[in-house]
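Notes to accompany the following structure.
Heads up: numbering here begins at 1 and tracks the sequence. It should be emphasised that the depicted structure is a prediction, and the values quoted were computed from it without experimental measurement.
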Amino acid sequence: MTDETRPTEGRTPSDYPEPQGRPDFLPADDSPDQAGRLPEPPASFGTSWGDPSGRPSSGVPPYGGPATGAPTFTSPSYGSPSSHESPSYGQEGSGPSFGASNDSGSSFGSPSYETTGPSYGSGPTYGSGPSYGSGPSYGSGSPSYGGGPDNGTRAYESPLFGSPSPSGPTGGNTPPPPPRQALPLGAGWAPPPPGADASTSGGRRGPSTPVLVSTAVAIALVASLLGSVGTYLLTKPSSSNDPGYSLGPLPTGGAASREPGSVAGVAARVLPSVVSIEAGTTTEGATGSGFLIKNGYVVTNNHVVALAAKGGEIRIMFNNRKTTPAKIVGRDPGSDLAVIKPEDTFGTPEITLGNSDQVVVGDPVIAIGSPLGLTGTVTTGIVSSLNRPVIAGDETGAGTEEPAYISAIQTDAAINPGNSGGPLVNGKGEVVGVNSAIATLGRSVNSQSGSIGLGFAIPVNQTRRVAEELITTGKAKRPRIGIVLDKDYKGQGVKIASSPSGGRQPVDANGPADKAGLKAGDVILEIDGLALQDGNELIALIRSKAPGAKITIKYQRSGQERTATLTVVADDEPTPTPS
């Protein structure tokens, strides 16, 4: 380390004055020591100059001259203090040896340095061998700065000791620059002399064996990868086709593996009992659906087979694509229900009827039929509402049949023209309704609108009763309570007319309403706990009841609410207007 304030104890100052300029270096063979012997050359030139530790001196420029915090090397005199942590010069006659001990004991502790100063750019021959003007140039690999053999009076350009000497020939050659990152008296200033050990000379060493092995392995891996890529590029198919490509075998399991309660399972059981119906005359026609019940009868809508009642024909196609003619057994325009009988059923199983009184909003349902002539179509949804009043008009356009009042099951299962008369089944595959009507947003003259998610089905309990009556008697009984409604009333509930209308009294004498104590002008608010919105809802609810059924009515008279129990009866003959 640099320490300008250290005492001089242990260091011997130079006894000679600083020379002016640069001293001349004489050949080693002209300067014998005190015993008349030439100094012996050192074993090696050493690895560092200046700091014995071999550490480079920080901030020292490589080419002589003064530098801040660094010594100025203007002469070979080593007696003056140096800012570098140089070897101790306290013992006279014993200076540091450069790289190895000198057998002759020569050192830089002697006052005279003319015979022992190394020649930078010449070989390290001390007193014998080739002169300092020849030999390899350390650090540049070129001949010595002077060039050629020594003439005894040659001055040498040293990058360490300042500017060139003003005296002595230089041989006309410009000295090469010192090694990169070379510092004065530091490690790596000059390469070792010939024969010196590379491990102690500070010279650059070649890569070690592990490095060479690792490099060889890496090269082998890269070469293998490149070979694989090249092989793929040379052998890949020339087109986008892959002859060996396969998506694997088909999964096992079929329709029989479906759960019985799933839509697929229910449809598999119900579809064989559903038929497609075509009815009409030579000029008109209609299509719809139906389902097979006990003893080979088929239930459908009245508006599906109404044209056949005027002299037309009916043809049924079963799920197995077999067809057969059919005839009308009975029909009821007031409930929009009809029963027909095919000539052959081809072994078709009958469908199972459920209980519509057990249906609740949210139950899953499945609609099956032939919408737009597409036989065997299955759609699914839920029960959206119950007791929805629906008036189904005369679909034949004849204008001779009364409208049907239906207290319907509303569903969002897709129902379209052609689904009419088909079954609406629950999750068990039991029929809970007969698909009969859909709500539409409008219809042009020559086209029909499709499903908007509002479909309506006749409850199966009403269907069961009407079908039994049609099969046994050929006609269905009309349920009634014996009142006439005020069609102009706009208030809450349904009002009984206050005066006779069309030759009828507001309340039939000895009818169900008269027996329960109802009078003209009374307002019926509820039936069986269901608040009434209008007269159509009341008519639809009464027609859904079987004759003999009892109902509870809440009504209002003179601002007071009262209740009564009525027993539904049936008309002997159907009438075109509700009663």
Side-chain angles (χ1 to χ4, degrees), residues 263 266-267 269-271 273-275 277 288-294 297-304 331-339 350-371 377-392 395 404-439 451-470 476 479 530 537 540-546:
V263 175
V266 172
R269 296 195 307 272
V270 175
L271 273 171
S273 303
V274 181
V275 299
I277 301 174
S289 305
F291 52 91
L292 193 70
I293 61 173
K294 184 179 179 180
Y297 291 98
V298 173
V299 174
T300 186
N301 281 134
N302 175 66
H303 70 263
V304 173
R331 60 193 187 94
D332 179 26
S335 63
D336 196 22
L337 290 171
V339 176
E350 64 185 58
I351 205 166
T352 304
L353 303 180
N355 185 355
S356 56
D357 289 343
Q358 296 177 350
V359 174
V360 298
V361 175
D363 279 349
V365 288
I366 302 170
I368 304 176
S370 303
T377 297
V378 176
T379 56
T380 184
I382 63 171
V383 174
S384 304
S385 182
L386 297 173
N387 302 314
R388 186 71 74 190
V390 174
I391 301 176
E395 292 293 329
Y405 289 82
I406 304 170
S407 181
I409 299 172
Q410 180 181 322
T411 178
D412 64 350
I415 297 176
N416 289 285
N419 273 116
S420 294
L424 183 71
V425 302
N426 59 17
K428 298 178 181 179
E430 301 170 339
V431 179
V432 295
V434 178
N435 302 318
S436 300
I438 60 174
S451 172
I452 59 173
L454 295 173
F456 305 96
I458 302 170
V460 72
N461 289 3
Q462 180 181 356
T463 303
R464 181 194 293 267
R465 177 184 62 85
V466 171
E468 288 176 349
E469 293 175 353
L470 292 176
L530 178 65
E537 187 172 19
L541 284 170
I542 295 301
R543 291 198 179 177
S544 67
K545 304 297 181 180

What is the distance from atom [atom1] of [X] to atom [atom2] of [Y], rounded to the nearest 0.5 Å?
X	Y	atom1	atom2	value
E350	I293	CD	CD1	8.5 Å
I452	N416	CD1	CG	11.0 Å
I382	D412	CD1	CG	5.0 Å

Of the options [options], which is the one that meets [X] in a side-chain contact (heavy atoms from CB on, under 4.5 Å)?
X	options	answer
V466	V339, D332, V434	D332
V378	V425, V274, I368	I368
N301	N419, N435, I458	I458

Could you walk me through whether T352 and R269 satisfy the side chain to side chain contact (heavy atoms under 4.5 Å, CB included) test, starting with their C-alpha distance in whole Å, then the side-chain angles of each, then the deciding distance to 0.1 Å, before giving a yes or no? CA-CA 10 Å; T352 304; R269 296 195 307 272; over 6 Å; no
Below 4.5 Å, heavy atoms only, C-beta onward: do [X] and [Y] meet side chain to side chain?
X	Y	answer
I409	V383	yes
I366	V270	no
S335	R465	no

Exercise: identify the closest heavy-atom pair between [X] and [Y]:
X	Y	value
D336	S436	OD2-CB, 4.2 Å
G427	V266	O-CG2, 3.3 Å
V299	A467	CG2-CB, 4.4 Å
L470	A338	CD1-CA, 4.1 Å
F456	A408	CB-CB, 3.8 Å
R388	Q410	NE-OE1, 2.8 Å

Is a donor on one side and an acceptor on the other found under 3.5 Å between the side chain of [X] and the backbone of [Y]?
X	Y	value
T379	A414	yes
S289	S370	yes
S356	N461	yes
S407	P389	no

Using a strict threshold of under 4.0 Å (side-chain N to carboxylate O), is an ion pair present between E468 and R464?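 Answer for the salt bridge query: no.
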Verify side chain to side chain contact (heavy atoms under 4.5 Å, CB included) between V359 and N426, making sure each step is shown before the conclusion. CA-CA 9 Å; V359 174; N426 59 17; over 6 Å; no
Residues which pass salt bridge (Lys or Arg N to Asp or Glu O under 4.0 Å) with E430, listed by chain and number, not counting sequence neighbours: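 With sequence neighbours excluded, E430 shows a salt bridge (Lys or Arg N to Asp or Glu O under 4.0 Å) to no residue whatsoever.
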